[in-house]
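Notes follow once the structure below has been shown.
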Amino acid sequence: MSGAADPAPPVPGAPAGRLKKRRDFLRVASRGKRAARPGLVLQAAPGDPCLLRVGFTVTKKVGNAVVRNRARRRLKEAARLTLPGTGAIGWDLVLIGRDGTGARDFATLIADLRGALRQAGVTP
RNA sequence: UCAGACGGCCGGGCGGCCGCUGGCCCGCGAGCGAUCGCGGGCUGGAGGAAAGUCCGGGCUCCACGGGACUACGGUGCCGGUCAACGACCGGCGGGGGCGACCCCAGGGAAAGUGCCACAGAGAACAGACCGCCCGGACGGCUUCGGCCCGCCGGGCAAGGGUGAAACGGUGGGGUAAGGGCCCACCGCGCUUCCGGCAACGGCGGCGGCACGGCAAACCCCACCGGGAGCAAGGCCGAAUAGGGGUGGACGGCGAGGCGCCGAAAGGCGUUGUCGCAGGGGCGGUCCCGCCCUUCCGCCCGGGUUGGCCGCGCGAAGCCCGCAGCGAUGCGGGUUCCAGAGGAAUGGCCGUCCGUGCCCGGCAACGGGUGCGACAGAACCCGGCUUACAGGCCGUCUGGCGCC
């Protein structure tokens, strides 16, 4: 699979992927650990040991389509900037948007994510 | 300059770093293959409403037998535009505004049924509370002319009052008082003629008033209308239930075929080939018509998970010209302009713009800080409706000021 001299995985961290199937979301929700912060809710469950996969959920309770899109994009950006540096692997994560996700200061949102990852045991 | 009417347009700009996603090119890799993955370069990437899903189409699949009846839904002045429309344009009629202009679900109430609350005397072939007028007898007052109050009989519907609406309106004549009782004008109905493609309008004549309103109450009339929707639909494609072929088994009635027995009539056996009956389907009902309809073994082709297509060159956008009051049409030039699929267009920063607040300053201004509407393509078009910070342009109306 991964050749010796290939340009290969640049960071030793994680070949990341996206959760896209409804059954994956249900599995993480029912078996995973939860960690809530003002800007987001994290659900984490063990997954493929070679992958770190992330899914995003923003319900209609949060707002209309524009508000939901903005919340999900900010969560995606926070995950992109945070996860590769942690070295975490072998987890399926679900990030859930809340009312505060869209308006929260971005640096604070990232701090929320780091705190939630520690609480759920994904990172030490 | 103030107030207002109508039409059109914009809806943050520029730049940097890190990302996402479509296309093209190059290189590499995976797979039998359809295809997919990785790296690099170039390049594209939300709206005027993308929204609500209220109409009309394109596209796709299904039903696409014949006849009759019934039901259901929609539209509703006239002419035009359009692929089509319930949309749009131009008119007509009615209503509102000093005006520019705005609003109207605008066929039929002499086909029938029904409703018209409350108030009010009376609400549909109505009615007399207050009131007006005439006559009568009794009582009271009297300046002896009469007057007033109550009562009885009769006439009237003008005035008051109620109501959304009171059985035409205003004025005059007439009358005891009144009344289309009579007259003029207005309204209403019918109508000759004229103008207009038409809705309708105008001049005149006749009618003495009859025919209240509501059809977004039922209804009547005219016209229109198959159903479902991109989760449509198509292609590639494991395991298990259903389809086609084939072999075997069973059968409610009849016919036919085949075999055997018999001279023959006929009998016995066998057979899913045909018909009938029974059951079911073809938007609702009926008639005719059509189609389907048992079980087990073997072989072959096809649906769900998944992948790909459908999926953007179009009733397309922009700029001119011509025709038309206009909707729009015709002609020429030019551009290629999002295509996701747990769903790309994001995060952070600088600067400018608009605006609120604070500080300094007489002021111009400077510094700091906050805010920037409604809202996110999901097959695609044409409309309608609804939401929207702030701003720009044009035409017009009324008032005030100036020349």
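Letters go in sequence order (proteins before strands), and every chain restarts at 1.
Every residue two or more places apart in sequence or in another chain that forms a side chain to side chain contact (heavy atoms under 4.5 Å, CB included) with Arg73(A) is listed here: Asn69(A). The side chain to side chain donor-acceptor pair (under 3.5 Å) test applied to Thr108(A) returns Asp105(A), not counting sequence neighbours. Residues that satisfy the side chain to side chain contact (heavy atoms under 4.5 Å, CB included) test with Val67(A), not counting sequence neighbours, are Val62(A), Asn64(A). Residues satisfying the side chain to side chain donor-acceptor pair (under 3.5 Å) criterion with Arg98(A), sequence neighbours excluded, are absent altogether. For Ala79(A), the side chain to side chain contact (heavy atoms under 4.5 Å, CB included) partners two or more places apart in sequence, or in a different chain, are Phe56(A), Leu83(A), Leu95(A). Ala44(A) pairs by the side chain to side chain contact (heavy atoms under 4.5 Å, CB included) definition with Trp91(A), Leu93(A), Ala120(A), Val122(A), not counting sequence neighbours.
Counting non-hydrogen atoms under 4.0 angstrom, Arg68(A) reaches nothing in the nucleic acid.
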Anything under 3.5 Å between a protein N or O and an N or O of nucleotides 18-22 of chain B, put it in a table, one pair a line.
from: rC18(B); atom 1: O2'; to: Arg80(A); atom 2: NH1; distance (Å): 3.4
from: rG19(B); atom 1: O4'; to: Arg80(A); atom 2: NH1; distance (Å): 3.3
from: rG19(B); atom 1: O2'; to: Arg80(A); atom 2: NE; distance (Å): 3.1

Please enumerate all protein N or O atoms sitting under 3.5 Å from an N or O of nucleotides 48-51 of chain B, with distances to 0.1 Å.
none

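The residue among Asn69(A) and Asp105(A) whose nearest nucleotide of RNA chain B lies closer to the 5′ end is Asp105(A). Mapping Arg70(A) and Val58(A) onto RNA chain B by nearest heavy atom places Val58(A) at the nucleotide closer to the 5' end.
For residues 79-94 of chain A, the set of pairs meeting the salt bridge (charged side-chain N to carboxylate O under 4.0 Å, His left out) definition, not counting sequence neighbours, comprises Arg27(A)-Asp92(A), Arg53(A)-Asp92(A), Glu77(A)-Arg80(A).
Listed nucleotides: rG346(B), rG347(B), rA375(B). Nearest to the side chain of Asn64(A): rA375(B).
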